Amino acid sequence: MSSSAPSSVRVRFAPSPTGFLHIGGLRTALYNYLFAKRHGGSFILRIEDTDQARFVEGAEEDIVRSLAWCGIEVDESPLHGGEAGPYRQSERKKRYMEAAMQLINADVAYYAFDTAEEIETMRERLKASGNPSPSYDSITRQSMKNSLTLPSEEVQKRLEAGDPYVIRLKVPRRESVQFTDIIRGVVTFETKGLDDQVLMKSDGMPTYHLANVVDDHDMGVTHVIRGEEWLSSAPKHILLYNYFGWEPPTMAHLPLIMSPSGGKLSKRKAEQEGIPVNTRDYIDGNYEPEALVNFLAYLGWSPGDDSEIHSMDELIDLFSLEKVSKAGAVFNYKKLMWYNEHYLREQSDDTIVQRLLDLPAAKTLSGVTQEALTACMPLLKERITRIDEFFEMGAFFFEDPTSYDEKGMAKVGDSASAMIHALHQALEQHPSDELDAEAYKSWLQDTADAQGVGLGKVMLPTRLAISGAGFGPDLTPSLAFLGKKTVLRRLQTAMNHWA
RNA sequence: GCCGCGUUCGUCUAGUGGUUAGGACGCCGCCCUUUCACGGCGGUAGCACGGGUUCGAAUCCCGUACGCGGUACCA
């Protein structure tokens, strides 16, 4: 890129299609997106499919769908196109070999012919002699089969014969590599701790390290924003930029998302702790995307004030990498639920009703109509965390209860049956067939008075009889919603049950 | 082991030499109330440790401990 005009910000989210989009990956994507939009730049999606063995069918589609669901708009990608394409690394194969050759010609990379077994043998040998983590490096490469140790005729012969080989980075023996990370400041590594990283694999594919450097350069990426797990390999990337004669992009290594029990939030751990880990789990689980986005944005970042609730546009306005924290952040599911409730309640009744109608439960319950849902919406809206809980908590609005909560039953005790009997009788004799909430209230009050008990003594049995649960939405409006016929039927059923 | 990064209430965080260390989630209590929620009010709880530097350190420096990441022809 030319250094004259201030080049506009270009960032990339570069997942490998080895599985569904993980919540940690989503946050990385989000931070990239927020940063790009904050600076009026571009957000690129690049698929890093250089590992043929771990490729998962459908993963790319999952990534695209997940980002879209969250409201993260991609500017360039395999699907959206763009001038810096192709955006799938498997489609850029030629370019990597070309780049690797450039390095070989500059004598900063070399061919290596060692088999996996030979490398293993070397490791065993060194381990036996007291080296706890032997690696293919500036020392050990001298005793291995590579273009640095083999006569050039033999190297030529092997290449022509089609012998399998890899291309390795010739990491200098004693050098200090330094770069400035926006989040961590100056980071320094000594090259003696680095190994001769494989750049081109024997299957002709590049490794992440080569591909990411070449692509970031070719695509004009200005800022590399990625997880902290990449920090250790950053010096290798810096070395590569130097050897290519390219200006390295600005680096920012994000803190990891941790499991409540400690350690990186892995799929396994998350499942154990009841945390949905793939974005698709949130889509399928009917969570609010705005909640996930807001929650994730604040997991490792804060605008510096006491605010908590922000839309995507506000987050874009507020975001800055300098304010990203350095330490790992534990995933707090309850806080996510708090956000979810917030964004759910923020929606109009009409919006929620429409969404409810599209849920599978709307089809399995009888009598679910737009009118019915609209009528009981105010009764349930404040009581649910996720939208689909509406049908769990509100099932009794549509179907008779099939069982009665034990705790509730224990609470009303033996008097329940007699109370229900009196209630039933009073309602049956009630002159009106269309009682409103107020009328039901009077019915309950009058019956309680006649029985010489408090209102509470009649409410719980009634609630249990009509809903099966010991708690729930306001009772009298619920009764009004159900209607006299249904209420009488349920009271009758309860009477039979409890006798 | 080695290399790197980190460490403020249980959790997410504000804080950049002088604050009664602030907010949020959670938890607890009270109010509201026909239950459960919602809402309102209040409470609980924190600067990992040890040395410096300084009139003064959560804030700066060094060390220790602990945690995390990396240490692949995976990303």
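Every chain is numbered from 1, with letters handed out A, B, ... down the list of sequences. Note that the coordinates shown come from a computational prediction; the quantities given were computed from them, not determined experimentally. All heavy atoms count here, side chains included; hydrogens, waters and symmetry mates do not.
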If you take the centroid of each ring, where Trp contributes its six-membered ring, are [Y] and [X] closer together than 6.0 Å?
{"X": "A:Tyr339", "Y": "A:Tyr287", "value": "no"}
{"X": "A:Trp498", "Y": "A:Tyr404", "value": "yes"}
{"X": "A:Phe319", "Y": "A:Phe35", "value": "no"}

Give the rounded distance in Å between these two atoms: [atom1] of [X] and [atom2] of [N].
{"X": "A:Asp405", "N": "B:C36", "atom1": "CG", "atom2": "P", "result": "13 Å"}
{"X": "A:Glu389", "N": "B:C38", "atom1": "CD", "atom2": "C1'", "result": "15 Å"}
{"X": "A:Lys264", "N": "B:G6", "atom1": "NZ", "atom2": "P", "result": "18 Å"}
{"X": "A:Arg383", "N": "B:U33", "atom1": "CZ", "atom2": "C1'", "result": "11 Å"}
{"X": "A:Leu194", "N": "B:A72", "atom1": "CG", "atom2": "C1'", "result": "15 Å"}
{"X": "A:His253", "N": "B:G70", "atom1": "NE2", "atom2": "C1'", "result": "11 Å"}
{"X": "A:His342", "N": "B:G39", "atom1": "NE2", "atom2": "P", "result": "11 Å"}
{"X": "A:Glu346", "N": "B:C38", "atom1": "CD", "atom2": "P", "result": "17 Å"}

For A:Pro477, does its backbone N or O pair with a side-chain atom of A:Asp474 as donor and acceptor, under 3.5 Å?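 Flag not set: sc A:Asp474 to bb A:Pro477 has no pair under 3.5 Å.
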What pairs meet the salt bridge (Lys or Arg N to Asp or Glu O under 4.0 Å) rule with one or both residues in [range], with sequence neighbours excluded?
{"range": "residues 172-183 of chain A", "answer": "none"}
{"range": "residues 285-298 of chain A", "answer": "A:Glu288-A:Arg355"}
{"range": "residues 326-341 of chain A", "answer": "A:Glu308-A:Lys335, A:Glu341-A:Arg345"}

Just the table, please: protein N/O against nucleotides 43-47 of chain B N/O, every pair under 3.5 Å.
none

Chi angles and distances behind the salt bridge (charged side-chain N to carboxylate O under 4.0 Å, His left out) call for A:Asp405, A:Lys407: CA-CA 6 Å; A:Asp405 178 64; A:Lys407 270 189 200 155; over 6 Å; no
When all nucleic acid strands are considered with a 4.0 Å heavy-atom cut-off, which category describes [X]: base, sugar-phosphate, or nothing?
{"X": "A:Met337", "answer": "nothing"}
{"X": "A:Gly227", "answer": "nothing"}
{"X": "A:Gly263", "answer": "sugar-phosphate"}
{"X": "A:Lys381", "answer": "nothing"}
{"X": "A:Lys323", "answer": "sugar-phosphate"}

May I ask you to establish whether A:Arg46 and A:Tyr87 are in a cation-pi arrangement, using a distance under 6.0 Å from NZ or CZ to the six-membered ring centre and at most 45° from the ring axis?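 Checked: cation-pi criterion not met.
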Is the charged tip of A:Arg158 near the ring of A:Phe113: under 6.0 Å from the six-membered ring centre and within 45° of its axis?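 Yes - A:Arg158 lies over the ring of A:Phe113, closer than 6.0 Å to its centre and within 45° of its axis.
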Under the criterion side chain to side chain contact (heavy atoms under 4.5 Å, CB included), which of A:Leu231, A:Val324, A:Ile183, A:Val187 is the partner of A:His253?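 Only one option passes, and that is A:Leu231.
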Flag yes if more than 12 heavy atoms outside A:Glu406 fall under 6.0 Å of its CD atom; otherwise flag no.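 No, not enclosed.
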Can you tell me how far [atom1] in [N] sits from the matching atom in [M], rounded to whole Å?
{"N": "B:U44", "M": "B:A37", "atom1": "P", "value": "23 Å"}
{"N": "B:U7", "M": "B:G26", "atom1": "P", "value": "26 Å"}
{"N": "B:G67", "M": "B:C41", "atom1": "C1'", "value": "38 Å"}
{"N": "B:G23", "M": "B:G46", "atom1": "P", "value": "15 Å"}
{"N": "B:U59", "M": "B:U53", "atom1": "C1'", "value": "13 Å"}

Protein proximity profile, nucleotides 18-27 of chain B - base contact B, sugar-phosphate-only contact S, no contact -, cut-off 4.0 Å on heavy atoms: ----BBBBS-
What is the base-pairing partner of [N], counting Watson-Crick and G-U wobble geometry with both distances under 3.5 Å?
{"N": "B:C55", "result": "B:G18"}
{"N": "B:A72", "result": "none"}
{"N": "B:A48", "result": "B:U64"}

So do the side chains of A:Pro260 and A:Tyr333 get within less than 4.5 Å of each other, counting heavy atoms only?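 Heavy-atom side-chain distance check fails, nothing below 4.5 Å.
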A:Phe396 and A:Ile466, any side-chain heavy atoms less than 4.5 Å apart: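 The answer is yes, as the side chains (C-beta and beyond) meet within the 4.5 Å cut-off.
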Parallel, tilted or perpendicular: ring planes of A:Phe331 versus A:Phe295, cut at 30 and 60 degrees: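 Perpendicular, since the angle between the ring planes exceeds 60°.
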Aromatic ring pairing A:Phe189/A:Phe179, orientation class (parallel under 30°, perpendicular over 60°, tilted between):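 Because their plane-to-plane angle is under 30°, the rings of A:Phe189 and A:Phe179 count as parallel.
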For A:Asn294 and A:Tyr343, what are the C-alpha separation, side-chain angles and deciding distance, and is it a side-chain hydrogen bond (donor to acceptor under 3.5 Å, both in side chains)? CA-CA 10 Å; A:Asn294 201 151; A:Tyr343 282 103; 2.5 Å; yes
Could you list the protein-to-nucleotides 1-5 of chain B atom pairs, N/O on both sides, closer than 3.5 Å?
| residue | atom | partner | partner atom | Å |
| --- | --- | --- | --- | --- |
| B:G1 | N2 | A:Ser133 | OG | 2.0 |
| B:C5 | O2' | A:Arg184 | NH1 | 2.6 |
| B:C5 | O2' | A:Glu228 | OE2 | 3.0 |

Quick test: give all pairs of protein nitrogen or oxygen and nucleotides 73-75 of chain B nitrogen or oxygen below 3.5 Å, distance rounded to 0.1 Å.
| residue | atom | partner | partner atom | Å |
| --- | --- | --- | --- | --- |
| B:C73 | OP2 | A:Arg168 | NH2 | 3.4 |
| B:C73 | O2 | A:Ser202 | N | 2.8 |
| B:C73 | O2 | A:Ser202 | OG | 2.8 |
| B:C73 | N3 | A:Ser202 | OG | 3.0 |
| B:C73 | N4 | A:Asp114 | O | 3.3 |
| B:C74 | OP2 | A:Lys201 | NZ | 3.0 |
| B:C74 | O2' | A:Asp51 | OD2 | 2.7 |
| B:C74 | O2' | A:Arg54 | NE | 3.4 |
| B:C74 | O2' | A:Arg54 | NH2 | 3.0 |
| B:C74 | O2 | A:Arg54 | NH2 | 3.3 |
| B:A75 | OP1 | A:Thr50 | OG1 | 2.9 |
| B:A75 | OP1 | A:Lys201 | NZ | 2.6 |
| B:A75 | OP2 | A:Tyr208 | N | 3.3 |
| B:A75 | O3' | A:Glu48 | OE1 | 3.4 |
| B:A75 | O2' | A:Ser16 | OG | 2.9 |

A:Gln197: partners by side-chain hydrogen bond (donor to acceptor under 3.5 Å, both in side chains), with sequence neighbours left out: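 Expected list: A:Lys236.
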For A:Gln178, all residues meeting side-chain hydrogen bond (donor to acceptor under 3.5 Å, both in side chains), sequence neighbours excluded: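 By the side-chain hydrogen bond (donor to acceptor under 3.5 Å, both in side chains) rule, A:Gln178 matches A:Thr188.
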Between the protein and nucleotides 63-66 of chain B, which nitrogen or oxygen pairs are less than 3.5 angstrom apart?
none

Test: side-chain hydrogen bond (donor to acceptor under 3.5 Å, both in side chains). Region: residues 50-59 of chain A. Which pairs qualify, not counting sequence neighbours?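 Qualifying pairs, neighbours excluded: A:Asp51-A:Arg54.
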May I ask you to list the residues of residues 472-481 of chain A, by number, that have any heavy atom positioned under 4.0 Å from an atom of RNA chain B?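 Those residues whose heavy atoms fall under 4.0 Å from RNA chain B, taken from residues 472-481 of chain A in numerical order, are A:Gly472, A:Pro473, A:Asp474, A:Leu475, A:Thr476.
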